[in-house]
Every structure is written in C-alpha cells, then in structure tokens.
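These notes are about the structure you will find just below.
Quantities reported herein were computed from a predicted structural model and do not represent experimental measurements. Start at 1 with the first residue, then count along the sequence.
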Amino acid sequence: QLQLVESGGGLVQAGGSLRLSCAASGRTFSSYNMGWFRQAPGKEREFVARITWTGDNTRYADSVKGRFTISRDNAKNTVYLQMNSLKPEDTAAYYCAAGGWGKDTDEYHYWGQGTQVTVSS
C-alpha cells in the first residue's frame, strides 16, 4: 500500500499562487509515476498533471499548461503542484494519485483524500 496525504490548499484571489504537496508513505514512492487530478462540484474528476518516477517527463492538461508545474523530491517522498495565475475555474478539490501514465483515473492505483482549492474573483 502507498498512503498519500495532500496539503497546501486554501482560498486565494484570482491571479494568485498556491503550492500543493503530496506526501507519500508505505511502498517505494520513487518507483511510481505520480499525478494530480481535480474535481469541481457536480463535475467528473479530471486530469491536471503527471510526472514520471524519474522526474524527467511531465504532462499537463491544456487548461493548466504554462500556469501549473508538477515536480517531485524522491528523497522527501513528496510530489508538488505549483499553481500560478490561478483562475476561478481552477476551484476544485485536488487529489494526488500514484501509478498511472495517462489521463485516465482508472490507471492510478493509489489516491489521497484531497485538498480544497478555492479561487475568488
């Protein structure tokens, strides 16, 4: 089992920044690709970003490209999501997940409990 715990969410004004963290424990974190997803009320969970276990390949949803950056520190068993130029439409619960490659939630085997991000206009 891999346990994931997100933190760093909160309320921010449009144009502001937040950095989300996801701390892992249990199995070997460094061997997993890691992803961030988000889910707004009444909407399906959607892909945000993914980073490979080596950290040398990243992928982003078009809606966040150029504004969000995913990174990881395998020594700290942590993956990050730096979110800049936030927009009200970025408001959602953000989840980290482990084990997948693409955009499909079914590819990811382990999930955190989520952290809420609210962007005010």
Less than 4.5 Å apart, any side-chain heavy atom of [X] and any of [Y]?
X      : Y      : result
Phe37  : Tyr108 : yes
Leu20  : Met83  : yes
Asp104 : Phe47  : no
Leu86  : Phe68  : yes
Arg38  : Asp90  : yes

Quick check for you: to the nearest 0.5 Å, what is the distance between [X] atom [atom1] and [Y] atom [atom2]?
X     : Y      : atom1 : atom2 : result
Glu6  : Cys96  : CD    : SG    : 4.0 Å
Gln1  : Ser25  : CD    : OG    : 10.5 Å
Tyr94 : Cys22  : OH    : SG    : 15.0 Å
Leu81 : Thr115 : CG    : OG1   : 11.0 Å
Gln3  : Asn77  : CD    : CG    : 11.5 Å
Arg19 : Thr69  : CZ    : OG1   : 11.5 Å

Tell me every residue that passes side chain to side chain contact (heavy atoms under 4.5 Å, CB included) with Thr58, counting only those two or more places apart in sequence or in another chain.
Ile51, Tyr60, Ile70
Residues passing the side chain to side chain contact (heavy atoms under 4.5 Å, CB included) test with Gln116, sequence neighbours excluded, are Thr91, Ala93, Thr118
Check whether any side-chain N or O of [X] sits under 3.5 Å from a backbone N or O of [Y] as a donor-acceptor pair, and report yes or no.
X     : Y      : result
Arg72 : Gly55  : no
Arg50 : Trp101 : yes
Thr52 : Asn57  : yes
Asn33 : Gly100 : yes

Common cluster, Trp36/Trp53, ILVMFWY with side-chain heavy-atom separation under 4.5 Å
no
Check the orientation of Tyr95 and Trp111. Use parallel for under 30°, tilted for 30 to 60°, and perpendicular for over 60°.
perpendicular
Can you give me the closest heavy-atom contact between [X] and [Y], atom names plus distance?
X     : Y     : result
Gln82 : Ser17 : NE2-CB, 4.0 Å
Ala14 : Pro88 : CB-CD, 4.1 Å
Ser71 : Val79 : O-CG2, 3.1 Å
Leu4  : Ala24 : CD2-CB, 3.6 Å

Going by chain and number, the hydrophobic cluster around Tyr80 (ILVMFWY, side chain to side chain under 4.5 Å) further includes none
